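Notes for the one structure printed next.
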Amino acid sequence: MNFDFSDDQRMLRDQAQKFLTDQSPPRVVRDVLEDSAKAYDEKLWGEMAALGWMGTAIPEEYGGAGLCPEDLCVLAEELGRSLAPTPFSSSVYLATEALLLAGSEDQKQKYLPDLAMGETIGCFALAEGVGVPTPKNISVTASNGALSGVKEPVADGDVANFVVVLARSGAADERGMSLYLVDLDGVDRESVETIDPTRSHARLTFNGTSAELLGAEGEGWDLVQKIIDRAAVYFAFEQVGGAQASLDMAVDYAKNRFAFGRPIGSYQAIKHKLADMYIATELARSNAYYGAWAITTGAPDVSVAAAAARVAASEAFNHAARENIQTHGGMGFTWEFDCHMYYRRAKILSLNLGGERRWKDRLISQLEARNAA
Amino acid sequence: MDFTDTPEDAEFRAEVRGWLTANAEEKKPGAIYKAKYGEAALIPLSQEWQTKKFKAGFSGITTPLEYGGRGGTQIQQAIYDQEEVNFLVPRHIGSGIPLVIPTLLVYAKEEDKKQFIPEILRSDKLWCQLFSEPSAGSDLGGIRTRSERDGDDWVINGQKIWTSNAQHADLAILVTRSDPDAEKHKGLTYFYVDMKSPGIEVRPIKQISGMANFNEVFLTDVRIPDSQRLGEEGEGWRVAITTLMNERVSSGARPAPDFEDIFGLARDLEIEDGPAIANAAVREKLAHWYIQARGVDLTRMRTLTAMSRGQTPGPENSISKLVSAFKRQEIALFGMDLMDMGGGLMSRETTPMRAVFQEAALEAPSGRIAAGTDEILRNIIGERVLGLPREVRVDKDKPFRDLPTGV
Amino acid sequence: MDFNDTTSEAEFRVEARDWLASQVPKREPGQAYAVRRGDDALLPLAKEWQAKKFEANFAGINLPKEYGGRGDTRVEQIIFAQEEANFVTPPTVFGISHGMVVPTLLAYATEEQKQRYVPATLRGDEVWCQLFSEPAGGSDLAGLRTRSERDGDEWTVNGQKIWTSGGHYADLGVLVTRSDAGVEKHKGLTYFFIDMKSPGIEVRQIKQISGASHFNEVFFTDLKIPDSQRLGKEGEGWRVAITTLMNERVETGVRPAPDFDDIFALARDLVLEDGPAIADDAIRDQLADWYVQTRGVQLTRMRTMTAMSRGQQPGPENSIAKVVNSSKRQRIAQFGMDLMDMGGIVRDRASMPMESLFQDAMLDSPGNRIAAGTDEILRNVIGERVLGLPREVRVDKDKPFADLAALEK
């Protein structure tokens, strides 16, 4: 048993941390926040591509580095810590994983090498506006290889080259759902405003758009569950990284800000708040580590591990980001301080794959299934 | 105990309701007023509404008749507030009614009271509050803005921050340090000042939400006649406490979203297996927020009863702000969670209730900090309500200039 | 990362599991050992079980062979604990003896004393108690006032201790005393071990909310201790006490009950107004929180073990486990009773679900949040020692202890 990353992985983490400290400082994130024409930082994306990060978990035969999901988790934590404003999560955790899971040989050959190089950006379209997407209410339909309907919000839908779409190809039930690959050239797409402008989101309107099946017809719902389980672990690492950064900021401020002649961190009201942030972050980190190992080894309880990582990390990051603002007092709620970039990111990450309430329910369902087995 | 009105109160309530119905639009669940706090468009709308109220005798209900008020009771003020909440009306702008009038009533000369109080009640003149500084927020006693006496004038130099509406205000109340060699709470002096005076520069502070409800105010050789001093030289702390006690009483507005809004959302929104309100986990949260919202309302009514018996409002009012500010943040974030993958969308046109949950999520952090942080309010409850010993103070009994600042 | 066993770990696990299966019954979810902590009947059963483990070489798994241990690592110790948790075995009464006293003896006792006491302690023949807290010095341990005065090769002790777990049945005790009230509070302490049967010791049990009596008051009247039973130097008792307490935070890995598995099982079995409790969304929401906490604590402890296997010292990070588990246990106990609705108030092992585990724990759990480091002290430990936040302003430093004691009067 060994419950930590290997020496190589820890070296990768140190390198990634150093790289992102240099290349993705808060100023870079803020540029994307404040410039509405800027969907992501293209220079940063290019530098990440040069390091081969997008191909981390893509097998060597498709132009990747052939490393394992654990390595990708190491990068995810650092990307979350630095708030790197790029389409990495959409392209790597979702689109690439969907192709690895369900792509035909032709599809893999077509997309994976460019994805690995960062030359193609993929995204993933499941949501249809406010509310929970279910087989009953998915309204984007597929017939004769063409899609119709609207998906929003689609993370990075405005900058991606292709999208993986869940659509109804048959009845309004789980067996009637299929996944499709759609080339986004010529698709009607429009940026939508969200609470986190450092991550771009779009509305995609399909109007008889030609689409190619990904995986078998009628398997879409099951595939989405598998994709989301894996993505939940990567997202959890981004969230743990963000929670740690929020905690670090709060601790630093509490040591240096004086009130009533003392550093505010010497008061228990602040000290205990920060201790609680630390506890939540560490428990989330431990759950995320197990999730990383579970998706890497295909452990039988991978769905339990993924849901636990997601629930713990969503709660930890939302809590840490919120209380980091509180610790900073008035400066914390100014636009000028960086606290809010974490607060926004925390909430968008906890919504992108479905809200906390729903993941908690999913966790208990997975535990029931495990115990029944 | 009687939660219904006395005959006189009922009569007053009917009068208020009748007037409001004739002059304002009744609020539907989830509806919000057309201009938000912090938007410039709100100011003329607010002033217009305040003037209407003044003419109808509903501005300054508890203010004495000789200063333009109604000379009524706290209970009548509460009745008015309870009724007004049900209508779409603009918020009062500035510190005038809640903070300045109570302070002027205690400390101002008769002629100043006669001049300023009716102006405030009509909203002809807006006031702001120049208290907090970069190094003195929760610890107001730590302010550094200097006042130095020069004949019959005072000369002010320094910087204030977190000043709501400074860019719109005509006048301000101001706390300064007149003696840095005295102990920190003993060297302060309090003034009112014309915001158009030479040497005052206002710079807006952009908040998380993108709005600028607050400002930095720089004071450079600003001259104030000694006649504008409130309270004695060196006794500014005592005057400031009068102002702040009223801050805690007045922050009774309940900015959306509150219980009614999340209840409305839960009834309307379909989640995976039906309306959200049918989900037991959602119901449990709703129940929690209902008892908090109702508890705050009823606690406030109990305070009013105490006040009508002649007791001064105590720090128990800290409960209201502490609970309401955090509840608003929780409700906003949970509303977004209910909207699931689409919860991050914040277009007023397409997001439920004109994106009030999303906008409030970005504004709510300031509610837990401005006008007393959560932590300070808990200290107040612990120390002044429960009588617990104070934190060990290292900033007492020393000249202000010798205190550690961490800089 | 590898959450699976290595080959040798897997072999050890099989050995442990086989041995356990040959000795004791397997545990069903929610099943507890028939005799609880605080019951007088527990001690002989716990001793018997400990002796069996010792004979089978499963006691002191990570301790040196020359003192009766197995000479393996903490990983094997954790594996054994994981396996043992799946069987019905007596709740341990050796937490202090093995977790706190043995490491202290190994660090400070003479070779002869180690040979004499450590194996007997591991075998469960001798049980230790910890004579630290006093009425005036709980969280603030260094505020203790029990006096020790030296006279040649002998010390005389007078004073009172409180919250002494197992003081009424312990054979031996570790004791911190004030040997010099004229110096600063942390500097005038001296540490001993004592025979609890010595003249001059009186033990009085304290009845708790639950009706049980884990804790005691212990009074010393002219207790004589030979100087050879001093651990550490005169005036350096604080440092020895810290060694004992650091191990307290590592050791509290005992499975709390009820924990997630128990409330999960209860929710599956119990039928509410419209079906099994587990189908209720509010209950699922609550269960999910407890699952991620429970799992998070387990996995965090495993991460600590990995760090220790790399040679790092266990840090105050371990405070996490206690702070989370003790509150969680209290909330689970109360929530379980709430699920049982009107009948939830009955405390009867014969008729109530899981032998009244929830009701018993509801009464017993407040003590968990206080004993061995209160929630508040543990958050201070995390804030100060992990996050490096400034300490509270102390008004009790750099003054002779005698002056402080006068201040409180």
Side-chain angles (χ1 to χ4, degrees), chain A residues 1-6 9 70 73 247-248 250-251 254-255 261-268 270-280 282-287 289-290 292-294 296-297 299 304-305 307-313 315 356-357 359-365 367-368 371, chain C residues 1-6 9-10 29 75 78-79 260-261 264-265 267-268 278-279 281 283-289 291-307 309-310 317 319-321 323-324 375-376 378-384 386-393:
Chain A
M1 284 188 281
N2 169 24
F3 311 121
D4 198 354
F5 288 105
S6 67
Q9 287 164 335
E70 268 178 40
C73 289
L247 173 61
D248 290 346
V251 167
K255 285 179 185 170
R262 288 162 50 181
I264 61 170
S266 72
Y267 295 100
Q268 288 191 340
I270 298 294
K271 187 175 291 173
H272 288 189
K273 178 198 297 295
L274 300 184
D276 286 340
M277 285 162 70
Y278 170 79
I279 290 171
E282 283 308 303
L283 297 189
R285 185 189 306 282
S286 298
N287 275 297
Y289 277 24
Y290 187 71
W293 177 78
T296 300
T297 58
V304 172
R310 169 120 182 110
V311 169
E315 288 185 346
E356 283 179 63
R357 179 193 61 77
W359 274 91
K360 286 163 86 172
D361 184 60
R362 186 180 169 99
L363 170 59
I364 299 304
S365 299
L367 284 168
E368 287 179 293
N371 281 38
Chain C
M1 217 154 15
D2 191 357
F3 286 84
N4 284 334
D5 296 331
T6 61
E9 287 161 359
V75 173
I78 242 189
I79 289 172
F260 174 78
D261 290 344
F264 187 71
R268 277 190 312 176
I278 199 159
D281 294 310
I283 294 166
R284 297 169 81 82
D285 192 87
Q286 189 58 73
L287 290 175
D289 277 337
Y291 179 79
V292 297
Q293 281 186 346
T294 303
R295 194 74 183 125
V297 166
Q298 287 168 356
L299 294 165
T300 301
R301 189 172 286 130
M302 294 181 180
R303 285 173 49 215
T304 305
M305 294 302 153
T306 295
S309 72
R310 291 208 175 101
E317 299 86 353
S319 300
I320 292 177
V323 102
V324 172
D375 288 359
E376 291 72 25
L378 295 176
R379 286 193 170 86
N380 277 359
V381 168
I382 291 171
E384 292 166 11
V386 182
L387 303 178
L389 294 170
R391 305 189 64 136
E392 286 277 338
V393 173

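Please read these numbers as outputs of a predicted model, since none were measured by experiment. In what follows, chains are A, B, ... by sequence order, proteins preceding strands, each numbered from 1.
Contact of Y267(A) with chain C is made through the backbone alone, with heavy-atom distances under 4.5 Å. Interface residue E70(A): only side-chain heavy atoms are found under 4.5 Å from chain C. Proximity to chain C (any heavy atom under 4.5 Å) is restricted, for Q9(A), to the side chain, taken from C-beta onward.
When only modelled atom types and interatomic distance are considered, R284(C) and S365(A) share a side-chain donor-acceptor pair under 3.5 Å.
One distance of note links OG1 of T300(C) with CZ of F3(A); it measures 11.5 Å at 0.5 Å rounding. Note that CD of E282(A) is 12.0 Å distant from CG of L299(C), once rounded to the nearest 0.5 Å. Note that OH of Y290(A) and CE of M302(C) are 8.5 Å apart. Values are rounded to the nearest 0.5 Å. A distance of 9.5 Å separates CG in N287(A) from OG1 in T294(C), rounded to the nearest 0.5 Å. Remark: E384(C) CD to S266(A) OG distance equals 9.0 Å, nearest 0.5 Å. If you take CG on L389(C) and CD on Q268(A), they are separated by 11.5 Å, rounding to the nearest 0.5 Å.
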Would you please test L287(C) and L367(A) for side chain to side chain contact (heavy atoms under 4.5 Å, CB included) and show each step?
CA-CA 10 Å; L287(C) 290 175; L367(A) 284 168; over 6 Å; no
Are M1(C) and N2(A) close enough, and set up right, to give a side chain to side chain contact (heavy atoms under 4.5 Å, CB included), and what steps lead you there?
CA-CA 5 Å; M1(C) 217 154 15; N2(A) 169 24; 5.7 Å; no
Any chance you could lay out the side chain to side chain contact (heavy atoms under 4.5 Å, CB included) test for F264(C) and N371(A), step after step, and finish with the verdict?
CA-CA 10 Å; F264(C) 187 71; N371(A) 281 38; 3.5 Å; yes
Report the C-alpha distance between E392(C) and R262(A) in whole Å, list the side-chain angles of each, state the deciding distance to 0.1 Å, and finish with yes or no for salt bridge (Lys or Arg N to Asp or Glu O under 4.0 Å).
CA-CA 9 Å; E392(C) 286 277 338; R262(A) 288 162 50 181; 3.7 Å; yes
Take D289(C) and E315(A) through the test side chain to side chain contact (heavy atoms under 4.5 Å, CB included) and record every step on the way to the result.
CA-CA 9 Å; D289(C) 277 337; E315(A) 288 185 346; 2.8 Å; yes
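The main-chain N or O of D281(C) is never found under 3.5 Å from a side-chain atom of K360(A) such that the two would form a donor-acceptor pair.
Between L363(A) and V292(C), some side-chain heavy-atom pair lies under the 4.5 Å cut-off. R379(C) has its side chain out of reach of K271(A): every pair of non-hydrogen atoms, C-beta onward, lies at least 4.5 Å apart. At least one side-chain heavy atom of L387(C) sits under 4.5 Å from a side-chain heavy atom of L247(A). Two residues are said to be in side-chain contact when any heavy atoms from C-beta on lie closer than 4.5 Å; F3(C) and T297(A) fail this criterion.
No other option in V251(A), V311(A), D4(A) has as many heavy-atom pairs under 4.5 Å with chain C as D4(A). With chain C as partner, the option from I264(A), T296(A), I270(A), L283(A) having the largest number of non-hydrogen pairs under 4.5 angstrom is L283(A).
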